[in-house]
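This is the structure I want to talk about, given as structure tokens.
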Amino acid sequence: MTRFSAAAEGVAKRLRDGMAGGVLSFPLTSFREDGGLDLEAYRAYLSAQLDSAPGAVFPACGTGEFFSLDEDEYRAVVGATVEIADGRLPVVAGIGYGWAQALRFARIAEEAGADAALVLPHYLVAAPQDGLVEPLRRIASGTSLPLIAYQRGQVAFTADSLRRIAEIPTVIGLKDGHSDLDRLQRLTLAAPDGFLFFNGASTAEIQARAYATVGVPAYSSAVHAFAPEIANAFFAALRDGDDAAVTKLLRDFYVPLVELRDRVPGYAVWLVKAAARLRGLPVGPVRAPLTDPDAEELGALAKVLDDGLRVVGAARRSD
């Protein structure tokens, strides 16, 4: 094994251990009202997030509006995350666009001290399977960071392609956002022992039980970004086999949240950030092209949030 493979295995083990004990946190990025990055607010917000003991933290990914950050802002966000995490849990930074730009972000993340990188789907164009595999090879050749591939949108790997990317010494896992369980089962069966899989569906808790049946129990939780009490209660109920608690949280909170989310494109991030502001968290507005809610939408979100917090015995504001 190469040195990089050994390092990648160490990160994979930390992630595996973390996933067994908590949800995967995808924090929001804090912006000021004028649209500028608010790094001090982000530090305060992230510190509170990490106090709720997630299994790993994924800064500057989809929920963190990676697509809206320039390279200097990205460096600041990842660096602050590494500093605040202080080795307590793995830090996996988002990278993306074409492979050349993704590699620039990967090198920034590596310099900032991230443990690994999540390779977000490439920009816009559809591609054959060879074209999906090659960017991972090129990124891996230019950084020592362990990589997690992310299939979503125009990126969908076959079992053969999964075998090929798993041969890259620093590719340690795959995050799935397609929710095609037939395809996903084929991928898990094609993967070598120890290869990591993540449920990356939007509001992943809705499909967590289904994903677990094909061998993918770990999931990312956007809800953790604004209501870690709810996210942690759901994780514990699912882990402990408390079907009644899982069903109640799904019925009273997660399904209404998804129904609200599906009304308008971009709500997957809009809802999360607006809910965080309802709780007094210092995250600020979203950046264009996303938009913030109107009064009616915010009222509907507040009701869903209050219902979920009531189920777990928590209050909207702690002050």
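Everything numeric in this text was worked out from a predicted model, so none of it was measured.
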List in chain and number order the residues that pass side-chain hydrogen bond (donor to acceptor under 3.5 Å, both in side chains) with R310, two or more places apart in sequence or in another chain; answer none if no residue qualifies. D307

Qualifying residue for side-chain contact (heavy atoms from CB on, under 4.5 Å) with Y45, from I84, L50, V283, D38: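 Between Y45 and the candidates, side-chain contact (heavy atoms from CB on, under 4.5 Å) is satisfied uniquely by V283.
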
Do L257 and V223 make a side-chain contact, defined as non-hydrogen atoms from C-beta onward lying under 4.5 Å apart? yes

Quick check: does any side chain N or O of R88 sit under 3.5 Å from a backbone N or O of A85, one acting as donor and the other as acceptor? yes

Under 3.5 Å, sequence neighbours excluded: what are the donor-acceptor pairs made by side chains of residues 26-33?
unit_1	atom_1	unit_2	atom_2	d
T29	OG1	G64	O	2.6
S30	OG	Y42	N	3.4
S30	OG	P282	O	2.7
R32	NE	D34	OD1	3.3
R32	NH1	L37	O	2.8

I'd like to check S220 versus F58 (side-chain heavy atoms, cut-off strictly below 4.5 Å). Are they in contact? no

Please examine the side chains of L187 and F197, heavy atoms only from C-beta on, and report whether any two atoms are closer than 4.5 Å. yes

If you measure from the Lys or Arg side-chain nitrogens to the Asp or Glu carboxylate oxygens, is any gap between R75 and D70 under 4.0 Å? no

Test side-chain hydrogen bond (donor to acceptor under 3.5 Å, both in side chains) applied to S221 - qualifying residues, sequence neighbours left out: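 With neighbours one apart ignored, the set is E205.
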
Looking only at side-chain N and O atoms, does Y150 offer a donor or acceptor that is under 3.5 Å from a partner on D176?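 Distance-only check fails for D176 and Y150.
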
When you measure from the centre of the six-membered ring of F198, is the NZ or CZ of K175 closer than 6.0 Å and no more than 45° off the axis?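 Judged by the rule (NZ or CZ under 6.0 Å from the ring centre, within 45° of its axis), K175 is not positioned above F198.
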
Residues Q154, V125; criterion side-chain contact (heavy atoms from CB on, under 4.5 Å); working and verdict: CA-CA 7 Å; Q154 68 270 29; V125 296; over 6 Å; no

To the nearest 0.5 Å, what is the distance between NE2 (H224) and CZ (F235)? 10.5 Å

Checking R163 side chain against A191 main chain: does a donor-acceptor pair fall under 3.5 Å?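 Not at all, since once roles are kept as given, no pair shorter than 3.5 Å links the two residues.
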
Rounded to the nearest 0.5 Å, what's the gap from CG on L118 to CG on L24? Could you check? 10.5 Å

Q151 side, atom CD; T158 side, atom OG1 - distance, nearest 0.5 Å: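 Those atoms lie 9.5 Å apart.
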
Once side-chain hydrogen bond (donor to acceptor under 3.5 Å, both in side chains) is applied, do any residues pair with T188, and if so which ones, sequence neighbours excluded? Q185

Check ring-ring contact (aromatic ring centres under 6.0 Å, His included) between Y74 and all other residues, then give those that pass, not counting sequence neighbours.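 Result, ring-ring contact (aromatic ring centres under 6.0 Å, His included) vs Y74: F66, F105.
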
Restricting to pairs with a member in residues 249-260, which pass salt bridge (Lys or Arg N to Asp or Glu O under 4.0 Å), not counting sequence neighbours? K248-D252

Go through the structure and list residues passing ring-ring contact (aromatic ring centres under 6.0 Å, His included) with F157, not counting sequence neighbours. none

Restricting to pairs with a member in residues 282-297, which pass salt bridge (Lys or Arg N to Asp or Glu O under 4.0 Å), not counting sequence neighbours? E73-R287, R277-D292

Single-linkage hydrophobic cluster, 4.5 Å side-chain cutoff, L145 and F195 together: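 No, separate clusters.
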
Aromatic ring centroids of Y254 and F234 under 6.0 Å?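 Yes, ring centres under 6.0 Å apart.
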
Where at least one partner belongs to residues 213-225, residue pairs that pass salt bridge (Lys or Arg N to Asp or Glu O under 4.0 Å), sequence neighbours excluded: none

Under the side-chain contact (heavy atoms from CB on, under 4.5 Å) test, which residues partner A314, sequence neighbours left out? E229, L309, V312

Show the nearest heavy-atom pair for residues A127 and L132, with the distance to one decimal. CB-CD2, 4.0 Å

L136 and L147: which non-hydrogen atoms are nearest, and at how many Å?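 So the minimum-distance heavy-atom pair works out to O-CD1, 4.1 Å.
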
Side chains of residues 93-103: which donor-acceptor partners sit under 3.5 Å, not counting sequence neighbours?
unit_1	atom_1	unit_2	atom_2	d
Y97	OH	F67	O	3.2
Q101	NE2	E71	OE2	2.8

May I ask you to say whether R107 pairs ionically with E110, meaning some side-chain N is under 4.0 Å from a carboxylate O? no

If we only count heavy atoms from C-beta on, is the D130 to R164 side-chain gap below 4.5 Å?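 Yes. Closest side-chain heavy atoms under 4.5 Å.
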
Return yes if a side-chain donor-acceptor contact under 3.5 Å exists between R261 and T203, otherwise no. yes

Which atom of I168 lies closest to which atom of A140, heavy atoms considered: CG2-CB, 3.5 Å

Sort and list the pairs that fulfil salt bridge (Lys or Arg N to Asp or Glu O under 4.0 Å) and have at least one residue in residues 144-153, not counting sequence neighbours.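 Listed by first then second residue: nothing to list.
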
